Amino acid sequence: MKILVAVKRVLDYNVKARVNSEGTGIDLANVKMSMNPFDEIAVEEALRIKEAGKADEVIAVSMGVSQSQETIRTALAMGADRGILVETDAELQPLAVAKLLAAIAAREEPGLVIVGKQAIDDDSNQTGQMFAALMDWPQATFASSVEIDGEQMKISREVDGGMESLSMSLPALITTDLRLNEPRYAKLPNIMKAKKKPLDVMSPEDLEVDISSRLKTLKVEEPEQRKAGEIVGSVAELVDKLKNEAKVI
Ligand code: AMP
């Protein structure tokens, strides 16, 4: 079985996002970019399934600018076998990514596709669900444990007040929750080996996918500065302020 894992190049989670001068998006000039943290978890899970003898190949897929090759190389250094980049400078919305992923899945015929539950740049939380709908596959979102037994898969996911267990047949889609696993670090020799692993580059046209945007970003603004807090001397003073200043009680 092949596993396809989607890895997105995003602003590193330690970097503070700043709005660009045109107010149209985040300023990405000269800032550190990394693999989306939920996608590191997706790669780790795919590798664990392969190491348990339940998959033969892990393919890391990314869509975006040519530098996304670095993100794929990170997945290859963690242990993925090969990579595919769908290269484009165009802005990609979740539907376009889902369609591209579906076109690759049609070619590669994986038994499992694993994506992050959300990309930390756009926070859409849509790509996996749209992909499963396009493929008409079962889906398990926000998975916090995965168990594969032949053609069947058992997933647990956290829901309000407890855990939900799902069982489904493969091929299927999983989106990763934070608690699924702790991703490994790539070791130096593996980083060197990853440079030699195959990485195919193709275009959306090669896959005959229309990636045109369906939504237009009108404006991006910094959130309002939060006001400084205040330490009060007593409960009575707190109640007085809530009642007479904040007027919330
Ligand atoms: P989103 O729906 O944008 O929050 O993204 C959810 C997941 O879809 C991410 O964690 C990635 O696994 C995948 N994904 C979204 N956009 C891309 C992209 N441009 N390249 C590769 N994977 C992507």
Side-chain angles (χ1 to χ4, degrees), residues 3-13 17 25-26 28 33-47 49 58-76 78 80 82-105 107-108 110 112-135 137 139-144 146 157 172-181 183 199-204 206-207 209-215 217 220:
I3 306 180
L4 219 59
V5 187
V7 292
K8 185 176 189 186
R9 178 178 188 263
V10 297
L11 187 73
D12 187 272
Y13 73 97
I26 300 300
L28 295 179
M33 304 291 284
S34 300
M35 186 189 295
N36 184 45
F38 292 106
D39 303 352
E40 291 180 351
I41 296 172
V43 175
E44 177 64 37
E45 197 60 25
L47 296 175
I49 295 169
V58 175
I59 309 165
V61 184
S62 195
M63 291 88 180
V65 293
S66 123
Q67 293 90 321
S68 308
Q69 289 200 23
E70 292 160 18
T71 313
I72 296 176
R73 291 281 171 214
T74 304
L76 297 177
M78 286 172 75
R82 63 185 166 97
I84 301 174
L85 169 64
V86 184
E87 188 174 331
T88 173
D89 289 336
E91 182 203 340
L92 288 174
Q93 291 173 353
L95 182 59
V97 177
K99 285 183 185 170
L100 292 169
L101 204 54
I104 293 173
R107 287 184 174 196
E108 297 283 349
L112 187 61
V113 173
I114 314 182
V115 311
K117 77 168 176 184
Q118 74 196 69
I120 61 163
D121 51 1
D122 59 19
D123 277 340
S124 294
N125 174 14
Q126 292 175 2
T127 306
Q129 293 88 329
M130 286 177 168
F131 167 83
L134 290 170
M135 300 296 289
W137 281 9
Q139 58 176 301
T141 53
F142 307 166
S144 54
V146 175
R157 53 198 303 274
L173 166 105
I174 298 174
T175 77
T176 58
D177 196 8
L178 208 54
R179 266 181 261 281
L180 180 56
N181 60 48
L199 198 170
D200 282 343
V201 180
M202 55 188 77
S203 68
D206 294 335
L207 294 167
V209 172
D210 169 15
I211 55 161
S212 52
S213 297
R214 301 292 197 274
L215 306 168
T217 305
V220 178

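No hydrogens, no waters, no symmetry mates; every other heavy atom, side chains included, goes into these values. Counting starts at 1 for both ligands and their atoms, following the listed order. As the structure is a prediction and not an experimental result, all values here were calculated from the model.
The only member of D12, T74, D39 that meets side-chain hydrogen bond (donor to acceptor under 3.5 Å, both in side chains) when paired with S34 is D12. A side-chain contact (heavy atoms from CB on, under 4.5 Å) with V10 holds for exactly one of D122, I26, D121; it is D121. Tested against M63, the residues L101, T88, I84, L85 include a single side-chain contact (heavy atoms from CB on, under 4.5 Å) partner, L101.
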Open item on the list: Determine whether V65 and R9 satisfy the following criterion, side-chain contact (heavy atoms from CB on, under 4.5 Å), listing intermediate values before the conclusion.
Closed with: CA-CA 9 Å; V65 293; R9 178 178 188 263; 3.8 Å; yes
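With sequence neighbours excluded, the residues that form a side-chain contact (heavy atoms from CB on, under 4.5 Å) with Q139 are Q129, A132, T141, L173.
A98 approaches M130 most closely through the heavy-atom pair CB-CB, 3.7 Å.
Using a 4.0 Å heavy-atom criterion, the residues that approach ligand 1 are A6, V7, K8, N36, D39, V61, S62, M63, V97, V115, G116, Q118, A119, D122, S124, N125, Q126, T127.
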